[in-house]
Amino acid sequence: MASLLQTTEITSLVSILGDVFDTFKRQITINKSPKKVISQINQSQLFGYGEAANPVNYTYAPQSGIYYAKVSYLEYKGDEYIQDFQSKVDSNLVRIKVQSDAKEYIENGTTENIEIDNKTFNLLGDYIVKNFLGSNGYTTYIYYLQETK
């Protein structure tokens, strides 16, 4: 099947879209579930001889990553229906558009929340893939977030 665009034109457009993302991107912090770090294994099974029966021998190490996203605040104007999200919304939402590195970090493991502008947001469902110029073009991923109260 013939394409309306040449390979060099597609490459140029993909580069321009990358520049647009770089121009409007902002830092976001993606917080994952903390990792349990065991400091010492308690092998003593003789309880009642001066030591606690079950001493705390672990700590939690926070896990987070800083990535870039295009952030859009969506204002609530009544009983709205968002086509991409395929449901009605009853509060203000945030839409973030991320690249593949941030999408992989969000999807691997449990994402507890995302921090933007010193506010904490929770994910609302799965990501939406946005392809521009097909599979060889420019791909981004959209997530909808809701502020944690």
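Because the structure is predicted, anything quoted here is derived from the model rather than measured.
Criterion: ILVMFWY side-chain heavy atoms under 4.5 Å apart, direct or through other members. Under it, Tyr68 and Val94 are not part of a common hydrophobic cluster. By the rule that hydrophobic residues join a cluster once side-chain heavy atoms approach within less than 4.5 Å of another member, Val98 and Val129 end up as members of one cluster.
With hydrogens and angles ignored, the 3.5 Å screen pairs no side-chain donor or acceptor of Thr29 with any backbone N or O of Ile66. Thr23 contributes a side-chain N or O that, together with a main-chain N or O of Asp19, makes up a donor-acceptor pair within less than 3.5 Å.
Atom CZ in Phe132 sits 11.0 Å away from atom OG1 in Thr139 (nearest 0.5 Å). To the nearest 0.5 angstrom, Asp117 atom CG is 10.0 Å from Glu147 atom CD.
In this structure, Tyr138 and Gln99 have side chains that are in contact, with non-hydrogen atoms separated by less than 4.5 Å. Two residues are said to be in side-chain contact when any heavy atoms from C-beta on lie closer than 4.5 Å; Phe21 and Lys70 meet this criterion. Side-chain atoms of Arg95 and Ile142, non-hydrogen and from C-beta on, do get closer than 4.5 Å to each other. Counting heavy atoms from C-beta outward, Tyr143 and Lys103 have side chains that approach closer than 4.5 Å.
Taking the centre and axis of the six-membered ring of Tyr105, the NZ or CZ atom of Lys32 falls inside the cone set by 45° and 6.0 Å.
The only option from Asn31, Ile114, Asn113 that meets the side chain to side chain contact (heavy atoms under 4.5 Å, CB included) definition with Ser64 turns out to be Asn31. Paired with Leu145 under the rule side chain to side chain contact (heavy atoms under 4.5 Å, CB included), one option of Ile116, Leu74, Leu93 passes, and it is Ile116.
Heavy atoms only, all atoms of each residue included: Ile30 and Ala102 are closest at CD1-O, 4.2 Å. Smallest separation of non-hydrogen atoms from Gln63 and Pro34: NE2-C, 4.0 Å.
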Under the criterion side-chain contact (heavy atoms from CB on, under 4.5 Å), I'd like the reasoning laid out for Thr111 against Leu123: C-alpha separation, chi angles, the key distance, then a yes or no.
CA-CA 8 Å; Thr111 300; Leu123 289 170; 4.1 Å; yes
Under the side-chain contact (heavy atoms from CB on, under 4.5 Å) criterion, do Gln146 and Asn122 qualify, and how do the steps go?
CA-CA 5 Å; Gln146 186 171 27; Asn122 290 329; 5.5 Å; no
Apply side-chain hydrogen bond (donor to acceptor under 3.5 Å, both in side chains) to Asp126 and Tyr144, showing your working.
CA-CA 8 Å; Asp126 289 334; Tyr144 285 94; over 6 Å; no
Test side-chain hydrogen bond (donor to acceptor under 3.5 Å, both in side chains) on Tyr67 and Glu104; report intermediate values, then the result.
CA-CA 11 Å; Tyr67 290 90; Glu104 293 299 324; over 6 Å; no
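For Tyr73, the OH atom counts as densely surrounded, since its 6.0 Å shell holds more than 12 non-hydrogen atoms of other residues, nucleotides or ligands.
Note: Tyr127 and Tyr141 have perpendicular aromatic rings, judged against thresholds of 30 and 60 degrees for the angle between ring planes.
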